[in-house]
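A short write-up of the structure that comes next.
Start at 1 and go down the list; that is how both ligands and their atoms are numbered. Heads up: numbering here begins at 1 and tracks the sequence.
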Amino acid sequence: MWIGTPLILLLALTPQAIISVKRRDLETVFQWKQLVYGFPTEQDRQEALNSGNFVPNSGAPIGVAPHHQSQKGTRVFTTIPKFQTGIPYTLATVSDTNEPNGPVLNPYPNYGWHNAHGRDCDKITSVFRVALTECDQMVVIDTGVIGMTQYCPPQLLIFDLNTDTLVHRYRFETNVYTPNASLLITPVVVVHDPPPKGRCQRLHVYIADVTYHGLVIYDSEQNTAWRAENKFMYPDPNYGTHTIAGESFTLMDGMFALATDQRQLYFHPLASNSEYAVPLNVLNNRTNWANNVESMQDQFRLLGQRSSECAAETMDSHNNLYCVTFNPIKLTMWNPNRPFNVKKELQVPADPRLIEFVSDMKVFKNDAGKEELWMISIRYQKIASGTLSGSEVNFRVVRRLLDDIQHVSHQDLSQRLIFT
Ligand SMILES: *[C@@H]1O[C@H](CO)[C@@H](O)[C@H](O)[C@H]1NC(C)=O
Ligand SMILES: *[C@@H]1O[C@H](CO)[C@@H](O)[C@H](O)[C@H]1NC(C)=O
């Protein structure tokens, strides 16, 4: 905590001195004009080109997940969903090798997991986002969809990041999704047996179904899944047209972003300015949903409204909820002890050019045990309108340490004292 007594004294004596107070800025970790796909061999690359499974410069990296492990160091994972064909793989690590368009991606865990393109449902078809656990596990939600077509049932895969091998697979059944209609895009994991005592064997994974407006709950102990639906998971047409950095597009996405404080699931549709919550124990009791996916309506509550729509959200260990609003672009932070409304919306200073449509956010505990906010920004407004230019930087991974704002009183933060 760097705002200490000497600083406060200084403020009291010379108000203009606050201008010199250093705030934390967003730091760009990676940036791309277009994605750069690496292949294990030149022959693999040629075959992918010839078959149409690789169209150079295609794809957008919508998911990000940094991970640190002593032997492998820090690795950053990204996901490239197959909105169309021509994307050679959907889950990748970002390498240190730089090309003019940006750092080279490598398929994860290896190319052999990706080169089936829907013809082999034991492989990975298309992934929007992943979630990591404290036990070096990666939870992958594979939609099974390329373009608009359901090639494979959606599946949940758990990889051990120490060995980079698959440790568990669960294929979702049609009681929790509707083929060619559902799209399982965002997982959030709650671990009931965390380290050092536990081994992360008891998990609940909550997954947003963005197009069929629902939530899928996976329980690792029962190795089964069920579905919950609520009117709050639907898009609101009043918030279906979005403006980012002066460009507008319509996207009527429903259930989109999830976060948790281990007691509640927080969520919002993309086409919405509202944030909602539901207790985890209500979701976790399968009996509640056995006869009616739309039950327990009185357990869902509106927390409040933002100044405008936002995409991905995440929560830190202090239960601060982060989301980047579209218009204007603001990195916002909400603490559950405060009212959730537009007037009290807290803005964390951040260069808006670096966070045009943040499609994924993660809180990452670094080597020093400090939490960092990681975001991936994709300028979706340009993708939607077809104005993406290959000569500009379009995709960015940015991060920001949270230590300055996590501990500062919210009174200070709202008055911008520490940042001006
Ligand atoms: C999904 O769509 C594809 C292509 O339109 C079709 O061939 C397939 O039968 C559909 N699957 C189901 C389960 O409806
Ligand atoms: C689960 O919910 C059912 C009602 O839907 C209730 O009877 C049961 O006691 C609940 N179980 C637990 C463990 O809370």
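Those atoms of ligand 2 with a heavy atom of N285 less than 4.0 angstrom away are 1 (C), 2 (O), 3 (C), 8 (C), 10 (C), 11 (N), 12 (C), 14 (O).
Remark: minimum distance from atom 13 (C) of ligand 1 to any protein heavy atom is reached at P179 CB, 3.6 Å.
Between N180 and ligand 1, at least one N/O pair is under 3.5 Å apart.
Side-chain N/O atoms of H68 and D367 include a donor and acceptor closer than 3.5 Å. Between the side chains of Q69 and N162, at least one donor N or O lies within less than 3.5 Å of an accepting N or O. For the residue pair S182/D209, the side-chain donor-acceptor check at 3.5 Å is satisfied.
Within a 4.0 Å radius of atom 5 (O) of ligand 1, the protein contributes no non-hydrogen atoms. For atom 2 (O) of ligand 2, a protein non-hydrogen atom is found at a distance below 4.0 Å. Using a 4.0 Å threshold on non-hydrogen atoms, atom 9 (O) of ligand 2 does not count as touching the protein.
Shown here for V64 and K362, the closest heavy-atom pair between the two residues is O-NZ, 3.0 Å.
Look at R396 and D351 and you find no salt bridge, because none of the NZ, NE, NH1 or NH2 atoms lies under 4.0 Å from a carboxylate O.
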